[in-house]
Amino acid sequence: MLSSRYDHKTVEQNRYQKWLEKGYFIANKKNKPAFSMVIPPPNVTGKLHLGHAWDTTIQDIIARYKKAKGYDVLWLPGCDHAGIATQAKIMNKLKDDGVDISKLSRQQFLDIAWKWKDEYSKNIHQQWASLGLMLDYTRERFTLDEGLNKAVKKVFVDLYNDGLIYRGEKIINWDPVQKTALSNIEVIHHDDKGKFYYFKYRLLDNSDYLLVATTRPETMFGDVCVCVNPNDDRYKSYIGQYVINPANGEKIPVIGDEYVDISFGTGVMKCTPAHDPNDFEISKRHNLARPIIMNNDATMNDLCGKYAGLDRFVCREQLVNVIKNSGNLVKIEEIVHSVGHSERSNAVVEPVLSKQWFVKMKPLAKLILENQKSKNKVKFVPGRFNKVLLRWMENVEDWCISRQLWWGHQIPAYYKKDDGTIYVDVNPPKDIENYIQDEDVLDTWFSSGLWPFSTLGWPNQTEDLDRYFPTDVLSTGYDIIFFWVSRMMFQSLYNLKKPPFKNVIIHGLVRDELGRKMSKSLGNGVDPNDVVDEFGADALRYFLTTNSTPGLDMRYSKEKVESSYNYLNKIWNSARYILNVLPSDFKVKDINKAKLDGFETWILNKLQITIKNVTKNMDKYDFNAASGHLYNFVYDDFCSIYLEMSKISLQNNNDKYKDIIYQVLYKCLKTIVLLIYPYTPFISEEIYLSLPEHLESIMLENYPKVEKKFVNSYFDNSVSLLLDYIKDVRNYKTNNKLAPNADCQLKINMRINTFDNFINYLKRFTFASKIENVEESLIDQNGAIFIHNYGDILIQVNANKDDIKKLILKNIENEKAEITRCNKMLNNPNFMSKAKPEKIILEQEKLKAHEENLKKLENQLKQLQ
RNA sequence: GGAUGCUUAGCUCAGUUGGGAGAGCAUCGCCUUUACACGGCGGAGGUCGUGGGUUCGAGUCCCUCAGCAUCCACCA
């Protein structure tokens, strides 16, 4: 028996532990078709946020739904080592603890990091448990574990041998705080206030100068020339001459290069090959030197004279002053321009020439582009994200994969000590003592990209790989399509010749109640733990998955979590009522449909429609729509109508029919619980286990199926009629300031078949003392008449004649408008020839009904006058 | 500069092939009726961003413009 109030804490307590102990989460049902997903591995840097809760709840709903549908479901958990983020966090903590980081060895650091990882993955496990996620922990993996390392090394070596990984010197994005290279997409561009400095680069004889504008004066120490467009008549003649760099007094040539945009700025550009990607390209064309002028912490180096050792921005300020004093500063413009920042440290990224490892992207991008034209196309939900991916892949540049960190997969490249010969292999060279392994590690996303197959045992041909790969669904946010989805796709297509998943469900971000992105600096983050504590995991899960549209952001709303909670309370209490009303010797029996009366036929039909609609939308991963159908059924059809009506039925029927009502109540309740179960497993399990007959757990149940024998809409019209009558009387009473239970007498004129007890139901819900069935509706001079589309009710109360007249006139107007509308359509040759036949018949029937109503109304109006 | 998404009730949002505008919260009135006051019943509230087009018919399809948001590329 359920307690009198829905209390999420008692419902959710210990439940997860029991599911775990029973092994319900473990995939191994070999006799069933396989269905698999891998979790997007969260970073071991902190707590899970609402975005994780959203993403994983979507997956849990799918997992539980598919399991109930008869699949052998594998949902594989794991965490990501998150190289830069984790290393930075650990280093900061060590600093705070007073540890001298400079004295830390690589191995010492790694020992600390692994302990950190254990601690944080423990937190993550706790959060997964509190959300109720159906994860198969027997297969849990970590992106830095041994198996993954084996996969990473193999992929690196294969790509290297295929010429798709190379080591080269290029301009990369340098994070001077983390002191590592970054890939292009780890750089966040946003508009910052800046300055545009105009400097004179004077000719050697000081007869003239070229005006050069720059936003980064400190890079002038790396200038090797000044460029103009050879087609620019203003400056053509300067090509071949020399000018003086006002920063260091060095003489540099003026060269012509068509890259220079004649219409931009002054039309003269300084060229700093080691600190700008475009300048680097120019230097290749003109065979220029590429001096690097900064240290790896973005302080100036020895090439910068007295500025050596100064931070780049301090240097900038001082240098500008010096040049100003020398008379070579013309003006400073305040501008807003886009500046690249490190995704993790937020430091201004310094473009700098550096030797790094790269993945050659064009051939790999081609694999994706071709796959998305083939039968094996990965289906994106919503579909537009496929285009987002393709557009990016079409323009993708080579991927810088080496990171100057310790926490990650160390690159399996070895350099011979004497001559630097490179050796790349999954195993170290035999004469390892003659080699040094590359110190760098790989970008975290390199190993995440192998996640869908490395976790299943690849490169070994394991049973799991055979059974569960490719995975069926991947769910993730749109913010990591480029980082992760694309990389998994080409890695899988390259290494396994198959796409890694069949469907990708893309969702948005969870924002705060004001629509702002949740962030630490704003302090507006909502901790899922707090929400679970206050409203329960079920309410949170329901809120997250039913208040959003696929692919769009959502706002967190405490009100809506609360409303979800109230919905669950509604289900809880309806269950409590039903379980209370069922006789103690209740046994589940087949319902003989031949013996069903109106309301039972009606509700069972509604139930079938609900099962159909919910299932249809579950299959489309449209959880908002699916839950909406159930919600309407629960509130409107079941609780507001059937449950209330069944109270009357139970009073007015014999024991035989009462038993049918019990069976129907039971069936509805059980079906509701099974349908909502994927969303809200805890409360569903609790109610399920309270049912008179049940299995060991709702997790072993099958998903409801439409029972065709109960599809029967015969009584729909009469139930609608009854409900309309009730509603109209209530409405009438409210509008006439009568108490809901005020006595009234009804005269009704029924023109359709109804069912037993129709009058009893009507009486009970309108508090009518007398109900008469009359041939024609009449206006009673003592009371009001109520006019209805299907029939008429005469409500005998003391009412104002004018009000009645008004009401009739209003109804006449409505009917006329409807008739006009119908006529317009039916007289339209295009409608008649193009519309579906059933639509035409429908319109004709409507027209007929409206015309009849109009006649009656006009008749009534006449009587009243 | 390119691309995408959004604009519907006071607020937050649904609205699936074009065929009588919906929910939650808020609000107003009535009801403590024996599942639920975390409730029930009834109501009020919308020229569906602007302007045009297609259509018998447009929140829905096409075009224009505006505002907001996001992504990509970026000029020194």
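Throughout, a chain's letter reflects where its sequence line sits, starting with A, and its residues are numbered from 1. All values below were derived from every heavy atom in this structure, side-chain atoms included, with hydrogens, water molecules and symmetry-related copies excluded.
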Whom does U4(B) pair with, Watson-Crick or G-U wobble, provided both distances fall under 3.5 Å? A69(B)

Whether H8(A) side chain and D533(A) backbone form a donor-acceptor pair below 3.5 Å: yes

Just how far, in rounded Å, is C1' of A73(B) from NE2 of H190(A)? 17 Å

Under 4.0 Å between a side-chain N/O of K647(A) and OP1 or OP2 of U33(B), yes or no? no

Using atom C1' in both nucleotides, what's the gap between G46(B) and G22(B) to the nearest angstrom? 11 Å

Could you tell me how far C74(B) sits from G18(B) if I compare only their P atoms? Round to whole Å. 41 Å

Establish, with yes or no, whether the OP1 or OP2 oxygen of C75(B) is under 4.0 angstrom from a side-chain nitrogen or oxygen of N278(A). yes

Of the candidates G40(B), C75(B), C13(B), the side chain of R555(A) sits closest to C13(B)

Any cation-pi pair here, K647(A) with Y577(A), using under 6.0 Å and within 45°? yes

Taking any heavy-atom pair under 4.0 Å as a contact, classify R216(A): base, sugar-phosphate, or nothing. nothing

Proximal nucleotide (of A76(B), A14(B), G39(B)) relative to the T549(A) side chain: A14(B)

Please determine which of Y631(A), Y567(A), F682(A) meets the ring pair (Phe, Tyr, Trp, His ring centres under 6.0 Å) test together with Y542(A). Y567(A)

When rounded to the nearest Å, what value does the distance between C1' atoms of G29(B) and C65(B) take? 45 Å

State whether N547(A) places a side-chain N or O below 4.0 Å from either non-bridging phosphate oxygen (OP1 or OP2) of G24(B). no

Most 5' of R730(A) and R384(A) on RNA chain B, judged by nearest nucleotide: R384(A)

Hey, is the main chain of L211(A) close enough, under 3.5 Å, to the side chain of T266(A) for a donor-acceptor pair? yes

Nearest whole Å is fine: how far is G24(B) P from D636(A) CG? 9 Å

Kindly point out which of C71(B), G40(B), G15(B) is positioned nearest to the side chain of F482(A)? C71(B)

What integer number of Å spans the C1' atoms of G51(B) and G43(B)? 36 Å

D192(A) side chain vs H337(A) backbone, donor-acceptor pair below 3.5 Å: no

Which nucleotide in the set C74(B), A3(B), A76(B) lies at the smallest distance from any side-chain heavy atom of M269(A)? A76(B)

With sugar-phosphate meaning primed atoms plus P, OP1 and OP2, does S563(A) contact a base, only sugar-phosphate, or nothing at under 4.0 Å between heavy atoms? sugar-phosphate

Complementary nucleotide for C56(B) - Watson-Crick or wobble, under 3.5 Å: G19(B)

Which part of the nucleic acid, if any, lies within contact of K387(A), taking any heavy atom under 4.0 Å across all strands shown: a base, the sugar-phosphate backbone alone, or nothing? nothing

What about the rings of Y201(A) and F199(A), do their centers lie closer together than 6.0 Å? no

For the side chain of K560(A), counting heavy atoms from C-beta on, which of G24(B), G42(B), A76(B) is nearest? G24(B)

U17(B) to C11(B) separation - C1' atoms, rounded to the nearest Å: 32 Å

Answer for the Watson-Crick or wobble partner of C30(B), both distances under 3.5 Å, is G40(B)

Could you tell me the Watson-Crick or G-U partner of C25(B), where both distances fall under 3.5 Å? Say none if there is no partner. G10(B)

How far does the P atom of G49(B) sit from the matching atom of A9(B), given to the nearest Å? 8 Å

Would you tell me if any nitrogen or oxygen in the side chain of T214(A) comes within less than 4.0 Å of OP1 or OP2 on A76(B)? no

Look at the side-chain N and O atoms of N395(A) and state whether any lies under 4.0 Å from the OP1 or OP2 oxygen of C72(B). no

By nearest-heavy-atom nucleotide on RNA chain B, the more 5' of L552(A) and F831(A) is L552(A)

Rounded interatomic separation in angstrom, taking CZ from F535(A) and C1' from G24(B): 14 Å

Once you apply a heavy-atom cut-off of 4.0 Å, does E397(A) come out as touching a base, just sugar-phosphate, or nothing? sugar-phosphate

Ignoring the backbone of S640(A), work out which of C41(B), C71(B), C56(B) is nearest its side chain. C41(B)

Output the single nucleotide from C75(B), A35(B), G40(B) whose closest atom is nearest the side chain of Y635(A). G40(B)

For atom P, what is the distance between A14(B) and C41(B), given to the nearest Å? 27 Å

Once you round it to whole Å, what is the distance between P of G24(B) and CZ of F543(A)? 16 Å

Just call it for C227(A): base, sugar-phosphate, or nothing, with non-hydrogen atoms closer than 4.0 Å on any strand. nothing

Nearest whole Å is fine: how far is C71(B) P from D479(A) CG? 9 Å

For the pair made of NZ in K558(A) and C1' in U12(B), what is the distance, rounded to whole Å? 16 Å

When you measure from the side chain of F264(A), which nucleotide among U70(B), A76(B), C36(B) comes out closest? A76(B)

Rounded to whole angstroms, how far apart are NE2 on H629(A) and P on U16(B)? 11 Å

Charged N to carboxylate O below 4.0 Å: is that the case for E333(A) and K331(A)? yes

Determine, for R234(A) against D232(A), whether the closest basic-nitrogen to carboxylate-oxygen distance falls under 4.0 angstrom. yes

Rounded to whole angstroms, how far apart are CD1 on I840(A) and C1' on G19(B)? 12 Å

Please determine, for the side chain of N624(A), which listed nucleotide (A14(B), A35(B), A76(B)) has the closest atom? A14(B)

Once hydrogens and angles are ignored, does a donor-acceptor distance under 3.5 Å link the base of A35(B) to the side chain of E644(A)? yes

Answer yes or no for R487(A) and W399(A): cation-pi contact, defined as NZ/CZ to six-membered ring centre under 6.0 Å and angle to ring axis within 45°. yes

Using atom C1' of each nucleotide, how far apart are U27(B) and A44(B) to the nearest Å? 8 Å

Using the side-chain heavy atoms of R576(A), tell me which of these nucleotides is nearest: G15(B), C36(B), C72(B). C36(B)

